[in-house]
Amino acid sequence: MALSHRPFSLALASALLALLLGGATQAAEIVGGREARPHSRPYMASLQLRGTRGSHFCGGILIHPSFVLTAAQCLQNTPHNLVNVVLGAHKLQEPEPTQQEFSVAQVFQDGYNAEKDLNDVLLIQLSRPATLNAFIATVQLPQQDQPVPHGTQCLAMGWGRLDTHGPLARVLQELNVTVVTFLCRQHNICTFVPQRRAGMCFGDGGGPLICDGVVQGLHSFMIKGCASRQYPDFFARVALYVDWIHSTLRRVGAEDSPR
């Protein structure tokens with residue numbers, strides 16, 4: 001079902017989406033992806049339960065040496081003092097000399113509404129600044145309100161499940177996806193993989209959507225399970241929150257702005 005520009009069609013699609021959101025599922029792992037080249041995505045972060053190696057539950061992205069951006073749903077029911085953030089990882093189950101581990105100093109939301117899956121963004125301030133190097137680097141933010149047109153080719157990634165009932169990925173997965181508008185909402189970016197079963201899954205929540213080297217989305221939710229082939233994957237649209245991100249960093253006295 002493609003959205004048209006006619007008001008009736010848009011209203012009908014919005015009503016249908018509202019019904020479908022009753023079956024929305026927060027994201028976790030990638031279905032039908034491929035292993036990323038080790039450490040080729042140095043901005044990628046893994047959120048894990050403290051004291052348990054490899055207990056990954058969400059992704060995130062490094063936007064500043066002291067700040068990771070993720071989905072608000074990731075810490076909705078988990079106290080941030082129980083969370084560690086791991087940077088520089090490829091294999092989560094094994095210690096890697098490239099990895100740096102942090103606790104969470106504080107978190108910042110921007111009006112997250114869990115019932116409607118709105119404003120699903122969260123800034124995590126790390127316990128100390130990350131040491132940037134070839135394996136750990138910040139990602140480029142979009143311009144405020146920057147559009148991402150239908151048909152844009154992007155890259156999604158995460159350590160989520162390999163299928164709805166499958167295991168978590170042992171190494172970082174990535175997937176080429178296409179931006180679509182059918183069943184999407186203005187505050188989301190939606191993606192689809194045509195002609196085959198592939199998409200986001202449980203554990204990919206908070207992971208990035210990278211388009212032309214810029215982070216345009218954070219994975220938020222799916223409808224009717226992983227890679228259903230009927231519904232797109234929904235990402236929080238990062239471009240709506242860039243001014244808020246910069247304002248938050250200034251408020252806490254971060255000296256450097258994200259790129």
Side-chain angles (χ1 to χ4, degrees), residues 39 41-51 55-89 97-114 117-146 157-158 187 189 205-220 235-259:
H39 308 292
R41 314 298 174 196
Y43 43 75
M44 192 68 192
S46 170
L47 275 57
Q48 303 182 12
L49 296 177
R50 178 173 292 184
S55 57
H56 169 89
F57 63 91
C58 267
I61 48 167
L62 189 69
I63 63 164
H64 178 282
S66 295
F67 287 87
V68 163
L69 188 65
T70 187
Q73 47 106 343
C74 289
L75 270 67
Q76 177 72 359
N77 299 309
T78 304
H80 69 256
N81 61 347
L82 300 181
V83 175
N84 279 349
V85 179
V86 178
L87 301 174
T98 56
Q99 292 183 14
Q100 297 177 31
E101 190 169 318
F102 308 83
S103 57
V104 176
Q106 55 183 332
V107 298
F108 304 88
Q109 289 189 16
D110 189 27
Y112 174 52
N113 184 322
D117 291 301
L118 296 175
N119 303 320
D120 194 6
V121 294
L122 184 80
L123 264 176
I124 294 176
Q125 184 175 13
L126 303 177
S127 53
R128 68 184 189 282
T131 300
L132 304 185
N133 52 41
F135 308 101
I136 298 175
T138 57
V139 72
Q140 182 176 344
L141 290 172
Q143 298 297 312
Q144 177 70 27
D145 298 323
Q146 179 180 334
M157 62 198 71
H187 49 271
I189 293 177
L209 180 70
I210 305 293
C211 311
D212 296 321
V214 176
V215 57
Q216 295 286 0
L218 299 170
H219 195 251
S220 182
F235 292 77
R237 186 181 163 201
V238 173
L240 298 180
Y241 306 97
V242 175
D243 287 349
W244 169 75
I245 291 170
H246 285 283
S247 174
T248 302
L249 266 60
R250 286 193 299 269
R251 191 167 73 248
V252 300
E255 295 181 355
D256 302 317
S257 296
R259 296 188 296 159

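We number each residue from 1, following the sequence as shown.
- Proximity of L49 to T78: side-chain heavy atoms (C-beta onward) are separated by under 4.5 Å at one or more points.
- Annotation: side chain of V68 is in contact with side chain of L126 (closest heavy-atom distance under 4.5 Å).
- Between Q216 and V238, every side-chain heavy-atom pair lies at or beyond the 4.5 Å cut-off.
- In plain terms, the two heavy atoms of C74 and G205 that are nearest each other are SG-O, 3.7 Å.
- Scanning both residues, S220 and Q73, for their nearest heavy atoms gives O-NE2, 3.1 Å.
- Between the side chain of Q144 and the main chain of D243, a donor-acceptor pair closer than 3.5 Å is present.
- The closest donor-acceptor contact from the side chain of R50 to the backbone of H80 lies at 3.5 Å or more, if one exists at all.
- Minimum heavy-atom separation, L132 to P65: CD1-CG, 4.0 Å.
- In this structure a side-chain-to-backbone donor-acceptor pair under 3.5 Å is present from T70 to G59.
- In this structure, the side chain of Q100 engages the main chain of T131 through a donor-acceptor pair within 3.5 Å.
- Using a 4.5 Å cut-off on side-chain heavy atoms (C-beta onward), V121 and W244 make contact.
- Taking NE2 of H219 as the reference point, atom CE of M157 lies at 13.0 Å (rounded to 0.5 Å).
- The heavy-atom pair separating M44 from G158 by the smallest distance is CE-CA, 4.0 Å.
- Among residues two or more places apart in sequence or in another chain, the side-chain hydrogen bond (donor to acceptor under 3.5 Å, both in side chains) test is passed with S46 by Q48, H56.
- No side-chain heavy atom of D120 sits under 4.5 Å from any side-chain heavy atom of L218.
- Rounded to the nearest 0.5 angstrom, I61 CD1 and L141 CG are separated by 6.5 Å.
- No side-chain heavy atom of N81 sits under 4.5 Å from any side-chain heavy atom of S103.
- Counting all heavy atoms, side chain and backbone alike, H64 lies closest to L249 at CD2-CD2, 3.7 Å.
- Residues A114 and Q76 approach most closely at CB-NE2, 4.2 Å, considering heavy atoms.
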Step by step, work out the side-chain contact (heavy atoms from CB on, under 4.5 Å) result for V85 and V104. CA-CA 7 Å; V85 179; V104 176; 4.1 Å; yes

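- Using cut-offs of 30° and 60° for the angle between ring planes, the F108 and F67 rings count as tilted.
- Taking 4.5 Å as the limit, every side-chain heavy atom of F102 sits out of range of all side-chain heavy atoms of I124.
- Although no hydrogens or angles enter the test, the distance criterion places no donor-acceptor pair under 3.5 Å between the side chain of T98 and the main chain of F135.
- With rounding to the nearest 0.5 Å, the separation of CZ in F57 from CG in L47 is 4.5 Å.
- For CG of N133, the number of neighbouring non-hydrogen atoms (other residues, nucleotides, ligands) closer than 6.0 Å is greater than 12.
- With contacts defined as side-chain heavy-atom distances shorter than 4.5 Å, the pair I63/L123 qualifies.
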Please step through side-chain contact (heavy atoms from CB on, under 4.5 Å) for the pair L69 and Y241, ending with a clear verdict. CA-CA 11 Å; L69 188 65; Y241 306 97; over 6 Å; no

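- With rounding to the nearest 0.5 Å, the separation of CG in L75 from OH in Y112 is 11.0 Å.
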